[in-house]
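Both ligands and their constituent atoms are indexed starting at 1 by order of listing.
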Amino acid sequence: MTGTLFPPEFLFADRFFCAYVVALAFILGSVLGSFLNCMAWRAVHGGSVRKGRSRCTHCGHILSAAELVPVFSYLLLRGRCRHCGERVSPRYMLTELSLGLFFAAAVLRFGVSAEALRAAGLACILLSLSLIDLDSYRIPNHFIAAALLWWTVFLFFAPAGRGLSFWHRAGAALFEGVAGGAAVGGGMLLISLLFDRLTGKESLGGGDIKLFFAAGLYLGPAAGLLCVILSCVFGLVFALLRRQQRIPFGPAISSALLLCLLFGRQVVIWYMNLL
Ligand SMILES: [Zn+2]
């Protein structure tokens, strides 16, 4: 991908520099994770998204700056509110931690580059929609629209090489993405329609299908198929853990998509070599 400031090889050459960049990426990811948590909570439970200080949801105590440090505040306070002692859901800490780890992994995988930025931005969108899906069983359309827009922006940073012109590269990336979106989104739509007809129940929500379409856009057809398989595995694990009738599928698709974005291409190449 063009638009690379430091490729991974450059980062790995100096251990200290590498640790520094990865730590920065982790901090940025966990801070953004904390912010998105708060936005998602307010989007579902009401309250202005931009205004208002963060509070304990139990006693209303306004959290001080020291209580708002991502991941560490939770660990230091042993997962309880300092004021009323009520348990704070580990969900906040876990989302901060996972977005921080994902940012760090993206930098290790793609270096300091447009591709890492693409992955990090997508992770923010997917984290937000997953948190909302967990609480409200719906994936708002504007998150899907944001993912599509973000994908379009990065068409202009499509992989360099083979002496192709800029428009050739953007065109090839556009074609691969649209083929992936049609294959994955269209395939899942057909499967879910068939399933609904057979069982008489709704299997996948419309938001899930749209999210699969977005996954295909980002991954292309081959890694997109891997993403479908992984989503089903994650969804199944999630269903076993949550033990509820209705399972939000958004978090499973999102985590599969992000894993495939990091490692999908290598897994596909490895699998092709087996054949
Ligand atoms: Zn409290």
Side-chain angles (χ1 to χ4, degrees), residues 22-106 120-144 146-147 205 207-208 211 234-235 237-255 257-259:
V22 168
L24 272 185
F26 177 83
I27 292 168
L28 183 66
S30 55
V31 169
L32 274 172
S34 171
F35 173 70
L36 294 174
N37 242 323
C38 177
M39 294 240 298
W41 197 88
R42 287 177 189 174
V44 173
H45 298 96
S48 165
V49 169
R50 287 169 213 90
K51 277 185 281 178
R53 304 275 305 272
S54 296
R55 301 163 172 274
C56 166
T57 52
H58 187 70
C59 69
H61 157 69
I62 293 179
L63 301 178
S64 66
E67 288 163 289
L68 285 170
V69 182
V71 185
F72 294 98
S73 290
Y74 180 89
L75 296 177
L76 279 177
L77 295 167
R78 295 201 178 83
R80 290 183 184 278
C81 167
R82 201 175 59 169
H83 205 68
C84 66
E86 187 70 17
R87 281 196 73 84
V88 177
S89 164
R91 175 174 136 173
Y92 303 107
M93 191 274 285
L94 289 176
T95 51
E96 290 157 6
L97 185 67
S98 30
L99 198 62
L101 288 177
F102 183 81
F103 273 37
L122 178 66
C124 291
I125 298 169
L126 294 177
L127 178 71
S128 313
L129 73 81
S130 296
L131 290 171
I132 290 178
D133 194 20
L134 269 175
D135 282 345
S136 66
Y137 297 99
R138 67 191 173 88
I139 297 175
N141 276 330
H142 54 263
F143 287 101
I144 305 287
D208 299 326
L211 189 53
F234 289 167
V237 172
F238 204 65
L240 292 173
L241 289 176
R242 194 147 148 140
R243 288 190 190 146
Q244 278 176 1
Q245 277 277 304
R246 264 180 96 187
I247 306 299
F249 204 29
I253 305 172
S254 299
S255 31
L257 167 50
L258 291 178
L259 265 182

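Around the Zn ion (ligand 1), the protein contributes the following N, O or S atoms at distances under 2.8 Å: C56 SG, C59 SG, C81 SG, C84 SG.
Partner of V44 under the side chain to side chain contact (heavy atoms under 4.5 Å, CB included) criterion, chosen from D133, I132, L134: I132.
In terms of heavy atoms, C81 sits closest to H61 at SG-CD2, 4.3 Å. Across all non-hydrogen atoms, the minimal contact from C124 to L99 is SG-CD2, 4.1 Å. Minimum interatomic distance between F234 and S255 (heavy atoms only, all atoms of both residues): CD1-OG, 3.7 Å.
Other residues, nucleotides and ligands place no more than 12 heavy atoms under 6.0 Å from the CZ atom of F72.
With hydrogens and angles disregarded, a donor-acceptor distance shorter than 3.5 Å links the side chain of N37 to the backbone of Y92.
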